[in-house]
Amino acid sequence: MRYLSVMRRSLSLALLLALAAAQPSRADQTDPALPALFALLAEAPDAAVAAPVEREIWVRWTQHADPAVEALMEEAGLAMAVDDFDQALAALDRVVAMAPGYAEGWNRRATVHYLSGRLEGSLADVERVLALEPRHFGALSGRGLCLLALDRPEEAAEAFAAALAVHPHLGGAQENLRALRRGNGQDI
């Protein structure tokens, strides 16, 4: 059995590397390699196998063909790193204005809204993300966090379950769903 696990992990990583090498250097949520990556993610037997696949998905989501959009995303990331949410929000407002079809711009802005306590703004941006990329497990989990903060535990549990349907090994969503179910007296 251990041999099968090692073999499966090796094959998954080999496919992941082949996909990465075969794709253009700039993508986004429309990258043609994403369906195969999501299939690998769903089939990953454990978190160790899922981790490099998840990283590759994030790489593809965060890329954009327009260098100006990427520069603004970097500016927002640097501002977020020092908790300058106003500067981050200003940069991300420009990103979503310049590239309204870029899901990760909306996702990053949803994160800034969440971190600054603007939960309704975060939820609105999450909806934009999911309209563009319904498999965005980060946005689905973020929706759950917002709903938890708004004391809407049933809806939060649904959001975490939706994230886990896409990414079965998403640690934060697993923990939050488990805690919600324990709080309701449900077994997992």
Side-chain angles (χ1 to χ4, degrees), residues 1-23 27-63 73 77 80-81 102-108 110-112 114-115 122-123 125-149 152-188:
M1 194 66 165
R2 173 131 170 88
Y3 174 77
L4 269 176
S5 176
V6 170
M7 181 67 107
R8 186 178 295 148
R9 182 179 297 174
S10 296
L11 289 172
S12 296
L13 292 175
L15 177 58
L16 175 65
L17 292 173
L19 286 169
Q23 294 306 312
D28 59 16
Q29 75 277 358
T30 63
D31 188 306
L34 284 170
L37 289 168
F38 278 106
L40 284 173
L41 191 63
E43 295 169 5
D46 55 42
V49 174
V53 179
E54 176 186 337
R55 277 192 300 276
E56 185 63 24
I57 289 170
W58 279 108
V59 164
R60 289 165 191 275
W61 277 344
T62 56
Q63 293 177 340
M73 290 290 284
M80 289 172 69
Y102 176 48
E104 197 52 33
W106 293 103
N107 186 57
R108 189 79 55 90
T111 301
V112 170
Y114 174 79
L115 292 172
S122 183
L123 283 172
D125 283 354
V126 163
E127 294 310 313
R128 295 294 297 264
V129 175
L130 295 173
L132 295 164
E133 173 56 278
R135 305 167 295 190
H136 202 298
F137 48 83
L140 289 164
S141 187
R143 176 195 277 166
L145 292 173
C146 287
L147 294 167
L148 269 179
R152 293 161 55 185
E154 295 83 13
E155 292 172 83
E158 290 173 11
F160 293 129
L164 291 168
V166 176
H167 184 344
H169 301 287
L170 189 60
Q174 288 174 331
E175 293 166 19
N176 286 314
L177 184 58
R178 192 174 301 121
L180 283 165
R181 288 184 174 164
R182 262 191 240 125
N184 287 337
Q186 300 175 2
D187 283 334
I188 291 192

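Residues: numbered from 1 along the sequence shown.
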- [ ] In sequence, state the C-alpha distance, the side-chain angles, and the governing distance for E127 and R143, and then conclude on side-chain contact (heavy atoms from CB on, under 4.5 Å).
- [x] CA-CA 9 Å; E127 294 310 313; R143 176 195 277 166; 2.7 Å; yes

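- Under the ring-ring contact (aromatic ring centres under 6.0 Å, His included) criterion, H136 pairs with W58, W61, sequence neighbours left out.
- Scanning for side chain to side chain contact (heavy atoms under 4.5 Å, CB included) contacts around P153 gives D151, L180, with sequence neighbours left out.
- Closest approach of P32 to P35, counting heavy atoms only: O-CD, 3.3 Å.
- Put simply, CG on D28 and CD on Q63 are 9.0 Å apart, with the number rounded to the nearest 0.5 Å.
- Residue pairs meeting the ring pair (Phe, Tyr, Trp, His ring centres under 6.0 Å) criterion with at least one partner in residues 162-181, sequence neighbours excluded, are F137-H167.
- When the salt bridge (Lys or Arg N to Asp or Glu O under 4.0 Å) test is applied to E133, the partners found at least two apart in sequence or on another chain are R135.
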Review item, side-chain donor-acceptor pairs of residues 154-162, under 3.5 Å, at least two apart:
unit_1, atom_1, unit_2, atom_2, d
E155, OE1, R152, NH2, 2.9
E155, OE2, R152, NE, 2.9

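- Under a 3.5 Å cut-off, the side chain of N107 and the backbone N or O of A103 do not form any donor-acceptor pair.
- Judged by distance alone, the side chain of Y102 and the main-chain N or O of T62 form a donor-acceptor pair under 3.5 Å.
- Between the CG atom in L145 and the CG atom in L140 there is a gap of 11.5 Å [rounded to 0.5 Å].
- Within the model, atoms CG of D31 and CD of E56 stand 8.0 Å from one another, a figure rounded to the nearest 0.5 Å.
- For L164, the side chain to side chain contact (heavy atoms under 4.5 Å, CB included) test picks out L170, A173, Q174, L177, with sequence neighbours left out.
- Shortest non-hydrogen contact noted between P168 and A42 is CG-O, 3.9 Å.
- Remark: R108 engages no residue in a side-chain hydrogen bond (donor to acceptor under 3.5 Å, both in side chains) (not counting sequence neighbours).
- Annotation: side chain of V49 is not in contact with side chain of L40 (no heavy-atom distance under 4.5 Å).
- E175 is linked by a salt bridge (Lys or Arg N to Asp or Glu O under 4.0 Å) to nothing, counting only residues two or more places apart in sequence or in another chain.
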